[in-house]
Structures are given as structure tokens and as C-alpha cells.
Chemist: 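Below is one structure. I have some questions about it.
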Amino acid sequence: MTRKLLIRDLTLRDGQQSQFATRMSQRQVDRVIALFKKAHFYAMEVWGGAVPDSIMRYLDENPWTRLESIKEGIGDSSKLTALSRGRNLFGYNPYPDEVIEGFCRNAVKSGIGIMRIFDALNDLSNQASTIRFVKENGGLADCCVCYTVDPHFTRGDRVRALFSGKKLPAPIFTVDYFVAKARELEKMGADIISVKDMAGLIHPKTAGELTRGLKGAVSVPIDLHTHCTPGYGLGSVLMAMVNGADIVDTVIMPFAGGPAAPAFELIQIFADKLGLDTGVDLSAISDLQEELLAIRHELCGFDQYKLFPRLIDPAGYTLDPELNALFDAAIAAAKKDDIPEVLRTTQAIERHFNFPAPDELVRVAQVPGGMYTNMLSQLQQADLGHLLKDVLASIPQVRLDAGLPPLVTPTSQIVGIQAVNCIIDRNAGKPFYTNKSIQFVNLVKGVYGKTPFPVDPAFRLKIAGTREEVPYDTSAHKKEDNPTLSEYGGVRLANGEKEELLLELFPQVARNYLKKVREREWRERMERDRAAQQQAADSANLPIFEGLRGNVIV
């Protein structure tokens with residue numbers, strides 16, 4: 001019997017978010033929905049992440065409408081997937097259960113079949129409520145272990161730690177660490193376990209070892225999610241496929257590669273050669289490529305690479321001998337765990353198809369691409385771009401001080417911003433941590449959950465004013481105000497539970513967006529009222545025989 005390899009397509013969420021700052025409009029989405037329906041992917045990630053925020057902020061579009069319109073178009077052809085940060089949902093602060101329940105219930109009702117749930121600290125207690133509410137409402141709980149790497153401490157760091165009496169930790173983020181998390185998530189009700197590597201830092205060697213470890217430890221399907229920024233993505237997905245992964249995440253070619261996930265078309269070629277059945281109707285892919293390529297040209301203002309891949313139709317391709325040999329060599333190397341050859345061949349394949357080259361800075365620094373660019377931008381705004389090397393060198397110490405949080409959203413940004421602050425402090429002759437972001441203070445305090453490594457109580461006292469961990473108290477949560485807008489006829493800002501949830505989860509962005517919506521509705525009502533009044537006035541001035549038209553007398 002042919003082994004199945006299920007495909008989760010990320011094009012309409014992670015693909016466009018990674019490549020084009022989540023600027024794909026509803027009209028552009030509508031142009032490809034029928035083709036996606038025909039393609040019949042196992043799942044399509046279409047919502048969550050930055051989508052709800054961005055489409056309100058930049059496109060004046062309703063996130064719920066985006067989700068519901070995709071569900072209407074896709075039907076039951078693919079399961080729709082959303083991304084959620086567990087108890088944090090979309091922001092930083094944890095939410096009480098009533099907010100989480102409302103969000104999960106409405107998301108499933110509006111079309112989400114699989115909720116991908118993660119916590120930036122891998123604190124599984126932060127995932128529990130979302131797992132429960134998603135399943136109670138009929139959705140599948142796709143529970144993530146967030147992949148990260150241990151900080152790289154130099155020999156000098158270790159010598160200084162030895163003389164200061166501070167012991168540097170042994171490696172924490174091992175295969176055993178992630179497998180243990182997966183076992184617990186399965187006990188909590190996970191229907192799928194995903195290795196979520198948003199930074200693209202999972203090396204092919206680790207991808208193979210971790211897939212084997214997970215397949216031997218849990219009974220639910222295993223999914224690998226990674227990116228291509230440092231050059232590992234295609235090789236790591238191949239290693240997962242060879243070692244028994246049930247699901248892999250891909251993006252249609254025009255949106256793939258670089259900061260996004262590997263291209264579906266390349267994964268399909270590997271699947272063909274490995275005898276794996278993806279279940280995708282390949283006759284739809286060529287048309288999808290054509291339409292997505294046109295949309296990419298339309299989004300050129302947000303395209304950081306403007307490097308267009310050489311397309312290949314997976315429904316009817318012929319590989320030239322040299323390229324065919326590369327695919328075969330990659331598979332042979334993957335089966336033998338010859339990792340250098342896996343990297344050589346898969347990166348050569350990506351070069352052939354004109355995907356962006358590996359980002360060496362991200363690979364060496366071992367930080368997510370978005371974290372790297374945000375740190376550089378922060379320094380450049382202070383005219384201190386020359387200090388980037390010092391910032392990168394400070395990240396291991398800042399991470400250790402904060403309890404070694406994984407470098408995933410939002411903790412990657414918290415650590416990155418604080419590392420920049422520390423180097424700016426030192427450059428000004430001030431001690432580290434003179435300037436602290438409120439998010440860093442809350443991270444150290446314990447507001448976001450338990451960190452993988454204990455925070456030194458003395459450091460917590462210095463940063464947050466308490467030696468003891470202080471978790472977030474959701475009983476203190478105050479619901480966002482939903483004011484009456486007298487200027488628009490006395491209507492409420494948020495109309496109904498879904499809009500109230502937008503206000504709760506994205507307070508300022510939703511406030512601005514909903515006010516524009518209410519203003520448009522008010523102007524449309526005024527226009528209709530004026531038209532009705534004008535029609536009544538015109539009718540009153542009609543000749544008598546016109547006024548009687550429709551009566552039997554006429």
C-alpha cells in the first residue's frame with residue numbers, strides 16, 4: 001500500500017506573510033480560491049498569525065469575512081488552518097478563558113478545521129485552554145513544540161562565567177526535550193504534533209533525528225513546519241519525509257523559498273521519487289502558479305527579493321539529467337544520513353530554480369530573519385548600525401538572563417529589542433539593562449509563563465522588583481470598552497461578538513478599523529435616507545395621473 005504524505009499549504013497565510021508583509025487583498029485571494037479547491041490539499045493555512053491585524057490595519061478588511069469567504073470557496077476540499085499563540089492568542093498578554101473560548105468557538109464556526117496552537121516559551125499550560133475549547137467546538141488541535149537552538153557561548157563567555165561563579169547551562173533544546181513536550185501534548189489531547197520552526201534553524205540532521213524520535217514516542221500525526229532563510233528548509237523537509245513525517249508544510253512556488261517554506265513543487269518531485277502519495281490534484285498547480293505569479297508582481301512594493309523562481313509543472317515535468325541526478329543524490333544521501341550531501345544537493349536544486357541563496361548572517365547568528373532585520377532597523381534609527389555585531393554577540397547572555405526563551409514570536413522580538421537596548425546602554429557608558437522594555441520585564445517576572453531555564457532570583461529582583469516568579473493574573477483582565485458613537489447615529493463601535501473579539505485581541509488596530517466601518521455605514525444610511533426623501537418629494541410633485549398609476553382607475 002502506498003504511504004501517504006499529507007501537504008499543508010501555507011500560501012495564503014505564512015507564504016504571503018513571510019514574503020509580502022501580509023498585503024494580499026481579499027480580491028487577490030478570491031482569484032485563487034477555486035484553483036485551491038481543485039488542488040485538494042489536506043489542509044490550507046489561511047488565517048491567524050499576522051492576517052487579522054494586517055488586513056484591518058493596512059487593507060481595511062474584516063478578518064472574519066476573509067476566513068468565511070475562503071471557507072465558502074473551499075468547502076470540504078481542504079481543512080482550513082489558523083495559527084494561535086495559545087493563551088496569548090495574538091498578542092503578548094495572556095487572556096482569560098472566556099476570551100479564548102469565544103475566539104475558538106467563532107473561529108471553528110467560521111471555518112477553521114485545525115487550530116495550530118503554540119506557546120513561545122513551550123509552556124504547555126499556556127496551550128491547555130485553547131486545546132480544550134477547539135476540540136469542544138469540533139476542531140482539531142494541532143499542538144506545536146516550538147523549535148529553537150541553544151545559545152552559542154564562546155570560550156571567553158565560558159571562562160568569564162567560571163570566574164564569576166555563574167554556571168552556564170548544559171544543552172537544553174535536545175531531541176529528548178522536544179519529544180518529552182510532544183508526549184505531554186498528546187496526553188493533553190493533541191490531534192497533531194507540529195515541530196514549529198519559524199526561524200528555519202532546524203538542521204537536516206536534527207530534522208531526521210527529531211522525526212524519528214517523535215514517530216517512536218507518540219501515535220498522532222507528525223508535521224514539520226520550517227522556513228528556508230538559512231538554507232536548511234528543503235533538506236530538512238526531505239529528511240523528515242524519509243524518516244516518516246505524516247504532514248509537511250509547503251508553499252506554491254511563486255511565494256516559496258527565502259523567508260518562506262519550501263516549494264510544494266519540489267516536495268512533490270521528492271514524493272514521486274519516494275513513492276509517496278500527497279493526494280494533491282496536480283492539474284490545478286500550473287494555473288495556481290500563473291495566478292500567484294501575477295499577484296506577486298502586483299505586490300512588488302512589499303517583495304524584498306524580487307527574485308522569481310523558475311516554475312515547473314508537477315503534473316507533467318521532465319527533469320534534465322543533471323537536475324534529475326541531484327534529486328536522486330539528495331534522496332540517497334537522506335536515506336544514509338549523509339547530511340553534508342543532503343545540504344549540497346538540496347541547495348543546488350534551489351539554485352537551479354532561482355530561489356534566494358541561504359542567508360549566511362541568519363545562519364551564523366542563529367536568529368530568525370525577522371528578529372535580525374528588526375534589530376538592524378532599531379540600530380539604524382539610532383545611527384548605530386555599526387554595533388550590530390556587538391548586539392548579535394550579546395544575544396546569548398540576554399537569552400540566558402531571561403531564562404533561555406525560544407527565539408519565536410513574540411519572545412524573539414523581546415530578546416532582540418533588549419539586546420539592542422543593552423548595547424546602546426553600554427555604548428553610552430551605562431550598565432546593561434539600564435533601559436528595559438516592559439515586555440522584557442514581564443518575561444523575566446513570569447507574566448508570560450515558565451521559561452525553559454530558571455531565571456536567577458537576583459536578576460529578577462533587579463529587573464522586575466521581585467525575587468519570586470509572578471504569573472499573569474487573568475482575573476485582573478478588563479474587557480475593552482465598546483463605546484457608543486454618537487457622531488454616527490448612536491451605534492456601538494463593535495457590532496456583535498466577532499467584532500467585540502477583534503476589539504479585545506487587537507485593541508488599537510480594531511478600534512481604528514471599526515470606527516471607519518461605522519462611519520461608512522453611517523454615510524451609506526444618510527445617502528439612502530436622502531435618496532428616499534428625494535424620491536418621496538419627487539413623488540409628491542408628480543401629476544395626478546402619474547400618482548394614480550398602478551390603481552385600477554388608470
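Numbering of residues begins at 1 and proceeds along the displayed sequence. What you see is a predicted model; the values in this text were computed from it and never measured.
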Chemist: Mind checking what makes ring-ring contact (aromatic ring centres under 6.0 Å, His included) contact with Phe36, not counting sequence neighbours?
Modeler: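 Listed in chain order: nothing, the list is empty.
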Chemist: Under a plain distance cut-off of 3.5 Å, with no hydrogens placed, do Asn374 and Gln413 share a side-chain donor-acceptor pair?
Modeler: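 Looking only at side-chain atoms, Asn374 and Gln413 do form a donor-acceptor pair, the distance falling under 3.5 Å.
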Chemist: So, Asp313 side chain and Tyr317 main chain: donor-acceptor pair closer than 3.5 Å or not?
Modeler: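 Side chain of Asp313 to backbone of Tyr317, a donor-acceptor pair under 3.5 Å: no, none is there.
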Chemist: Does the side chain of Gln533 pick up a donor-acceptor pair with the side chain of Asp529 at under 3.5 Å?
Modeler: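 No, Asp529 and Gln533 have no side-chain donor paired with an acceptor closer than 3.5 Å.
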Chemist: Identify whether the distance between the nearest side-chain nitrogen and carboxylate oxygen of Lys196 and Asp223 falls below 4.0 Å.
Modeler: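 Answer for the salt bridge query: no.
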Chemist: With sequence neighbours excluded, tell me which residues meet ring-ring contact (aromatic ring centres under 6.0 Å, His included) with Tyr147.
Modeler: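 So Tyr147 forms a ring-ring contact (aromatic ring centres under 6.0 Å, His included) with Phe178.
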Chemist: Does Asp281 use its side chain to pair, donor to acceptor, with the backbone of His40 at less than 3.5 Å?
Modeler: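 A pair under 3.5 Å: no.
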Chemist: Keeping Glu350 on the side-chain end and Phe355 on the backbone end, is there a donor-acceptor pair under 3.5 Å?
Modeler: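 The answer is no, because no donor-acceptor pair under 3.5 Å joins these two groups.
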Chemist: Within the 4.5 Å heavy-atom criterion, are Gln534 and Asp538 side-chain neighbours or not?
Modeler: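 Sidechains of Asp538 and Gln534: in contact.
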Chemist: Would Arg66 and Gln26 count as having a side-chain donor-acceptor pair, cut-off 3.5 Å?
Modeler: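 Yes, Gln26 and Arg66 have a side-chain donor paired with an acceptor closer than 3.5 Å.
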Chemist: Return the CZ to CD1 distance between Phe440 and Ile414, rounded to the nearest 0.5 Å.
Modeler: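 Output value for this atom pair is 9.0 Å.
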Chemist: Report yes if the side chains of Val415 and Met371 come closer than 4.5 Å at any heavy-atom pair, otherwise no.
Modeler: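 Sidechains of Met371 and Val415: in contact.
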Chemist: Checking Tyr95 now: which residues fulfil ring-ring contact (aromatic ring centres under 6.0 Å, His included) with it, not counting sequence neighbours?
Modeler: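 So Tyr95 forms a ring-ring contact (aromatic ring centres under 6.0 Å, His included) with His477.
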Chemist: I'd like to know if the side chain of Glu480 reaches the main chain of Leu503, judged simply by a donor and an acceptor atom lying under 3.5 Å from each other, with no hydrogens or angles considered.
Modeler: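 A pair under 3.5 Å: no.
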Chemist: Report the C-alpha distance between His227 and Asp197 in whole Å, list the side-chain angles of each, state the deciding distance to 0.1 Å, and finish with yes or no for side chain to side chain contact (heavy atoms under 4.5 Å, CB included).
Modeler: CA-CA 7 Å; His227 293 244; Asp197 172 32; over 6 Å; no
Chemist: For the residue pair Glu68 and Ser110, confirm or rule out a side-chain donor-acceptor distance under 3.5 Å.
Modeler: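 There is such a pair between these side chains.
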Chemist: For atom NZ of Lys79, decide whether the heavy atoms of other residues, nucleotides or ligands shown that lie under 6.0 angstrom number more than 12.
Modeler: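 No, the 6.0 Å shell around NZ holds no more than 12 heavy atoms from other groups.
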Chemist: Can Lys450 and Asp123 be counted as an ion pair, charged N to O under 4.0 angstrom?
Modeler: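 Salt bridge absent between Lys450 and Asp123.
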Chemist: Quick one about Gln268 and Thr278 (side-chain donor to acceptor, distance below 3.5 Å, no hydrogens or angles considered), yes or no?
Modeler: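 The answer is yes; a qualifying pair exists.
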Chemist: Does any part of the side chain of Thr130, heavy atoms only, come nearer than 4.5 Å to the side chain of Cys104, both counted from C-beta?
Modeler: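 The answer is yes, as the side chains (C-beta and beyond) meet within the 4.5 Å cut-off.
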Chemist: So for atom NZ, which belongs to Lys181, do other residues, nucleotides or ligands contribute more than 12 heavy atoms lying within a distance under 6.0 Å?
Modeler: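 Yes, enclosed.
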Chemist: Give a yes or no on whether a salt bridge exists between Arg518 and Glu487, defined as a side-chain N under 4.0 angstrom from a carboxylate O.
Modeler: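 No, Arg518 and Glu487 are not salt-bridged.
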Chemist: Between Glu527 and Arg530, does any side-chain N to carboxylate O distance fall below 4.0 Å?
Modeler: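 Salt bridge: yes.
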Chemist: Between Asp53 and Leu505, is there a side-chain heavy-atom distance shorter than 4.5 Å?
Modeler: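 Result no, sub-4.5 Å side-chain heavy-atom pair not found.
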Chemist: Main chain of Leu493, side chain of Asn482: is a donor-acceptor contact present, judged purely on distance under 3.5 Å?
Modeler: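 Yes; at least one donor-acceptor contact below 3.5 Å.
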Chemist: Could you tell me whether a side-chain N or O of Ser18 sits under 3.5 Å from a main-chain N or O of Asp14, the two making a donor and an acceptor?
Modeler: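 Such a contact is found between Ser18 side chain and Asp14 backbone.
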Chemist: Quick one: closest heavy-atom pair of Ala315 and Ser283, and the distance?
Modeler: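 Minimum heavy-atom contact is CB-N, 4.2 Å.
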Chemist: Looking only at side-chain N and O atoms, does Gln17 offer a donor or acceptor that is under 3.5 Å from a partner on Arg13?
Modeler: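 Looking only at side-chain atoms, Gln17 and Arg13 do form a donor-acceptor pair, the distance falling under 3.5 Å.
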Chemist: I'd like to know if the side chain of Trp47 and the backbone of Pro63 have a donor-acceptor N/O pair within less than 3.5 Å.
Modeler: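 Answer holds: yes.
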Chemist: Got a sec: does the CD of Glu98 have more than 12 other heavy atoms crowding it under 6.0 Å?
Modeler: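 Yes, CD of Glu98 has more than 12 neighbouring heavy atoms, counting only those of other groups under 6.0 Å.
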Chemist: Does a sphere of radius 6.0 Å around CG in Asp76 hold more than 12 heavy atoms from other residues, nucleotides or ligands, not counting ones at 6.0 Å or beyond?
Modeler: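 For Asp76, atom CG is not crowded (no more than 12 foreign heavy atoms under 6.0 Å).
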Chemist: To check you understand the geometry: which heavy-atom pair defines the closest contact between Ser25 and Gln28, and what is its length?
Modeler: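 Smallest heavy-atom distance, with atoms named: N-OE1, 2.9 Å.
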Chemist: Once rounded to the nearest 0.5 Å, what's the spacing between atom CG of Leu140 and atom CD1 of Ile117?
Modeler: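 It is 10.0 Å, given to the nearest 0.5 Å.
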Chemist: Are more than 12 heavy atoms, taken from residues, nucleotides or ligands other than Arg31, located less than 6.0 Å from that residue's CZ atom?
Modeler: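 For Arg31, atom CZ is crowded (more than 12 foreign heavy atoms under 6.0 Å).
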Chemist: Is the count of non-hydrogen atoms from other residues, nucleotides or ligands lying under 6.0 Å from Lys515 atom NZ greater than 12?
Modeler: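 Open.
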Chemist: Specify the closest pair of heavy atoms between Ala261 and Val251, including all atoms of both residues, with the distance to one decimal.
Modeler: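 Closest approach of Ala261 to Val251, heavy atoms only: CB-CG2, 3.8 Å.
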Chemist: Does a side-chain heavy-atom distance below 4.5 Å link Cys143 with Gln127?
Modeler: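 Of all side-chain heavy-atom pairs linking Gln127 with Cys143, at least one is under 4.5 Å.
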Chemist: State whether Asp119 and Arg87 are salt-bridged, where the test is any N-O pair (Lys NZ or Arg NE/NH1/NH2 against Asp/Glu carboxylate O) under 4.0 Å.
Modeler: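 Result for this pair is no, no salt bridge flagged.
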Chemist: Output all residues satisfying ring-ring contact (aromatic ring centres under 6.0 Å, His included) with Phe20, sequence neighbours left out; order by chain, then residue number.
Modeler: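 If we apply the ring-ring contact (aromatic ring centres under 6.0 Å, His included) test to Phe20, skipping adjacent residues, the hits are Phe255.
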Chemist: Are there over 12 heavy-atom neighbours, none belonging to Lys109, within less than 6.0 Å of that residue's NZ?
Modeler: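 Open: at most 12 neighbouring heavy atoms sit under 6.0 Å from NZ of Lys109.
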Chemist: Taking the six-membered ring for Trp, are Phe90 and Phe506 ring centroids under 6.0 Å apart?
Modeler: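 So the answer is yes for these two rings.
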Chemist: Is there a donor-acceptor pair under 3.5 Å between the side chain of Thr11 and the backbone N or O of Ile252?
Modeler: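 Yes, the answer is positive, given that a donor and an acceptor are paired below the 3.5 Å cut-off.
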Chemist: Does any part of the side chain of Asn93, heavy atoms only, come nearer than 4.5 Å to the side chain of Asn88, both counted from C-beta?
Modeler: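 No. Closest side-chain heavy atoms not under 4.5 Å.
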Chemist: With a 4.5 Å limit on heavy-atom distance, are the side chains of Ile192 and Val220 in contact?
Modeler: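 Result no, sub-4.5 Å side-chain heavy-atom pair not found.
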Chemist: Restricting to non-hydrogen atoms, name the atom on Gly189 and the atom on Ala141 that form the minimum distance, rounded to 0.1 Å.
Modeler: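 Smallest heavy-atom distance, with atoms named: O-CB, 4.3 Å.
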Chemist: Considering residues at least two apart in sequence or located in another chain, which fulfil the salt bridge (charged side-chain N to carboxylate O under 4.0 Å, His left out) criterion with Asp481?
Modeler: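 Counting only residues at least two positions away or on another chain, Asp481 forms no salt bridge (charged side-chain N to carboxylate O under 4.0 Å, His left out).
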Chemist: Does any pair with a residue in residues 117-137 pass ring pair (Phe, Tyr, Trp, His ring centres under 6.0 Å), and if so which ones, sequence neighbours excluded?
Modeler: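 Not a single pair qualifies under ring pair (Phe, Tyr, Trp, His ring centres under 6.0 Å).
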Chemist: Any chance the side chains of Ser194 and Asp142 put a donor and an acceptor closer than 3.5 Å?
Modeler: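 Result is yes, a qualifying pair exists.
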Chemist: Working to the nearest 0.5 Å, report the span between CD1 of Ile112 and CG of Asn137.
Modeler: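 Those atoms lie 12.5 Å apart.
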Chemist: Distance under 6.0 Å and angle within 45° of the ring axis: does Arg23 meet both against Tyr58?
Modeler: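 Yes; both conditions hold, so Arg23 lies above the ring face of Tyr58.
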Chemist: So how far is it from Leu502 CG to Asn106 CG, rounded to the nearest 0.5 Å?
Modeler: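 Leu502 CG to Asn106 CG: 9.5 Å, rounded to 0.5 Å.
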Chemist: Rounded to the nearest 0.5 Å, what separation is found between the CG atom of Leu407 and the CG atom of Leu201?
Modeler: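 If we round to the nearest 0.5 Å, Leu407:CG and Leu201:CG are 7.5 Å apart.
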Chemist: Looking at Glu45 and Arg8, would you say the former's side chain and the latter's main chain have a donor-acceptor pair under 3.5 Å?
Modeler: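 Side chain of Glu45 to backbone of Arg8, a donor-acceptor pair under 3.5 Å: no, none is there.
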Chemist: Check the angle between the aromatic planes of His297 and Phe308 and answer parallel, tilted or perpendicular using the 30° and 60° thresholds.
Modeler: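 His297 vs Phe308 ring planes: parallel.
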Chemist: Measuring from Glu72:CD to Thr65:OG1, what's the distance to the nearest 0.5 Å?
Modeler: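 Those atoms lie 11.0 Å apart.
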Chemist: Could you check whether any side-chain heavy atom of Thr81 comes within less than 4.5 Å of a side-chain heavy atom of Met115, counting everything from C-beta outward?
Modeler: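 Result no, sub-4.5 Å side-chain heavy-atom pair not found.
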Chemist: Is Glu136 salt-bridged to Arg105, cutoff N-O under 4.0 Å?
Modeler: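 Here Glu136 does not pair with Arg105 in a salt bridge, since their nearest N and O are not under 4.0 Å apart.
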Chemist: Do Gln439 and Gln418 get their side chains close enough for a donor-acceptor pair, meaning under 3.5 Å?
Modeler: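 There is no such pair between these side chains.
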Chemist: Would you call Lys38 and Asp287 a salt bridge, using N to O less than 4.0 angstrom?
Modeler: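 A salt bridge is absent here (no side-chain N lies under 4.0 Å from a carboxylate O).
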Chemist: Do Glu291 side-chain atoms and Leu288 backbone N/O form a donor-acceptor pair below 3.5 Å?
Modeler: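 No, the answer is negative, given that no donor and acceptor are paired below the 3.5 Å cut-off.
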